[in-house]
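Given the structure is predicted, the values throughout are model-derived calculations rather than measurements. Numbered from 1 within each chain, the chains take letters A, B, ... in sequence-line order.
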Amino acid sequence: MIELSAYTQLLVSYAILGGVYGLTALGLSLIWGVMKAVNWAHGDFLMVGMYTAFWTVTLFGIDPYIAAIVAFILLGLIGMVTHVIAIEPVVEKPGGHEATLLTTLGISVILESLALILWSPSPRSYQNVYKNTFLEVLGIRTSVAEAIAFVVSIASIVAVDQFLKRVKIGKAIRAVSQNPVGARVVGIDVPKIRLMTFGLGVGLAGMAGVLVSTFYPNIRPLAGYVWDIASYVVVIFAGLGTIYGVIFAGIIIGITEGLGTIVFSNAFRQILVYVVFLVVLLLRPQGLFGKALRRV
Amino acid sequence: MGLELKFTRKLIPAAILLVIGAVFPLFADEFLVSILMQAYLWAFLAMSWDVIGGYGGQFSLGHAAFLALGAYTSTILLQSYNISPWVGMWAAGVVAGAAGALVGIASLRLKGPFFALGTIAFAELVKLLLLYFKGITGGPLGILITKSGPENMLFETQTPYYYLMFVLMLAGILFLKWFESSRFGIGLVAVREDEEAAEGVGINVYRAKVIGAAISAFLTGIGGTIYAQWIHFIRPDILVKLEYSTQIAAIDVVGGAGSPYGGLIGALILVPLSLYLNALFGGMIAGLSLILYGVVLLIVVVMIPGGIYGLLRRRLGRKFSDKRRG
């Protein structure tokens, strides 16, 4: 029975990782929903969030979870600047989706190179007690850092959902996402909503980056890439533009990775994820939780 | 008179550029030759992408996978079966083309950004499979090309590679020029503009997309062989990079997608820029060249939507029509 509990342990860790995938994917999903733009630099914003944690914790000695708030605000601002430079000028033009893909690719390249120049390619990590303290529930051990990351991820997703349902700006965001023309007709400032959504999406990525850095201490300029791919997989899996879908999709992807590790091997784990992803993409392009796309 | 005008306006500049390209290695140093040579290779890859990405309007971000499939096919044939890459490159094209057909089938269901994301996942999958089947591919260690001799497409100096890639690039332009006025090419553009209308006038959308993607991947696979022969060494993580996939697409978009010259123009601007800056600052500021690369991409996409070729054509077109009017 030792083996079985080891498997359970593994699956739980992967499910926790999946919950964090959900948060990393949330920002992408929001941005897609409102402006139908693929944010290619998403993983790099995550990376900047990780460095924000590193610098605030090592320089000012503050708690990494306060750094998460700092990163949310800082990245939110960076996100708005990015939006003004790279998204707003092209998003409404014909071929705008492809154009945003390329402009955010430009931003991605710029961020990665800046990080390389400023902070060197060698990985960094910072001291934190959460990583080395462990919790044990029903015989399953997990670090406090992972447990907090999971809880904060779920809480953030719920918070964003409530924000979209109850707050005026949130409602406007939903309106633009559902029908941009109609939203404009009823007097919503659509470009402003796009700006705020992009800021929010990037801010969430920054926060996710800090959470990831608390239990996955491998902060380097290209760290965003792994999370980038994971986020896209989750977003497609959930259906672009759904909010709660990302939690379930994240956890499903996490568990799929775990199962892949158990049944096959660690090398096969990712192969399985991509195969599942491509199958879902082909059979149900609207995602598992998304509504069927209407033909326009 | 029309013919004469066309002759002086088009053929003479083309001939001059051709001669400059052909005699370039005689006058330039090895570094410049190497830069231009790589620009030709990337130009060819961008032109290959253009078939499905530009003319077909299917924005692929997985072309590095076709590059790798081509490189692996010919290299395995060379190293394990002693088949020369002059033959192997066609096999490379066929293997990559078959994979391209699969992606083409996927494009029937995946529209716009969904297709782009699907191709990214496809490329990742190809990379993981190359890593997984160690017995054939050498896994993470890759394959080193140990043969030699021109009969195996291996040369001692850079100059023969320069001419190889020069010819490859010219072949790419000629192919696209033929392609864009061919029945099939026109049909593919019609599918890009309006699938339903294309179907209405009797174009088989399924066939157009699948064959278009297969042609694009076939050409990219051949490019992969040439690339492998030049660097003498292949490994999954250096070939199947998202960076490469995006670079291929970006070069074409910057130069002007959906035109025979876009790939070359984009490559002549972006490739030397990044290589030259790398050589200049490489040791001190790694990454500086990439920043400029990002900035150029951003500026072109935001300010010059049709790419540089589109801009040139609009400018020149206006000039000529002004003259005619005057």
Side-chain angles (χ1 to χ4, degrees), chain A residues 32 36-38 40-41 85-90 93-118 120-121 221 225 228-229 232-233 235-236 240 264-265 267-275 277-278 281-286 293 295, chain B residues 53 57-59 61 102 105-106 108-129 131-132 134 139-140 196 241-243 246-247 249-250 253-254 257 274 281 284-303 305-306:
Chain A
W32 167 262
K36 308 288 176 279
V38 177
W40 202 239
I85 298 172
I87 306 291
E88 197 59 37
V90 293
K93 288 188 185 153
H97 307 327
E98 281 79 10
T100 56
L101 228 146
L102 285 163
T103 53
T104 50
L105 170 72
I107 296 287
S108 159
V109 168
I110 293 169
L111 286 176
E112 280 171 17
S113 320
L114 274 178
L116 270 171
I117 293 170
L118 293 174
S120 89
Y225 183 66
D228 229 355
I229 294 287
Y232 287 117
V233 173
V235 169
I236 290 283
L240 285 160
F264 303 100
S265 64
F268 205 80
R269 182 187 101 201
Q270 282 186 304
I271 297 183
L272 192 69
V273 169
Y274 286 111
V275 170
F277 170 61
L278 282 173
L281 195 55
L282 290 173
L283 297 182
R284 224 183 126 75
Q286 69 273 35
L293 290 175
R295 271 190 91 140
Chain B
Q58 305 296 312
F59 205 90
L61 283 176
L102 288 179
I105 293 170
L108 296 165
R109 284 195 65 100
L110 304 175
K111 309 286 173 206
F114 290 91
F115 178 72
L117 291 172
T119 53
I120 293 166
F122 168 77
E124 283 298 311
L125 192 60
V126 167
K127 176 165 88 184
L128 291 169
L129 291 172
L131 285 168
Y132 191 70
K134 291 189 188 69
E196 276 160 27
K241 280 194 289 200
L242 187 59
E243 224 177 291
T246 44
Q247 196 170 323
V253 169
V254 166
S274 69
F281 300 106
M284 288 184 291
I285 322 172
L288 185 71
S289 67
L290 280 172
I291 291 191
L292 271 162
Y293 180 80
V295 171
V296 170
L297 184 63
L298 205 58
I299 290 173
V300 169
V301 175
V302 172
M303 322 244 294

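Residue V90(A) comes nearest to V301(B) through the heavy atom pair CG1-O, 3.9 Å, listed as atom of the first residue, atom of the second, then distance.
Both the backbone and the side chain of L102(A) come within less than 4.5 Å of a heavy atom of chain B. Of the atoms belonging to I85(A), heavy atoms from both backbone and side chain fall under 4.5 Å from chain B. Proximity to chain A (any heavy atom under 4.5 Å) is shown, for L131(B), by neither the backbone nor the side chain. In this structure, chain A has heavy atoms under 4.5 Å from both the backbone and the side chain of A121(B). Neither the backbone nor the side chain of I105(B) comes within less than 4.5 Å of any heavy atom of chain A.
Summarising the geometry, atom CD1 belonging to I120(B) is positioned 13.5 Å from atom CG belonging to L125(B); distances are rounded to the nearest 0.5 Å.
Taking F115(B) as the reference, nothing meets the ring-ring contact (aromatic ring centres under 6.0 Å, His included) condition, with sequence neighbours excluded. In terms of the side-chain hydrogen bond (donor to acceptor under 3.5 Å, both in side chains) criterion, Q58(B) has no residue partners (sequence neighbours excluded).
Ranked by heavy-atom pairs under 4.5 Å with chain A, the first of L297(B), V300(B), I299(B) is L297(B).
Screening L105(A), L101(A), V38(A) for a side-chain contact (heavy atoms from CB on, under 4.5 Å) involving L61(B) leaves a single residue, L101(A).
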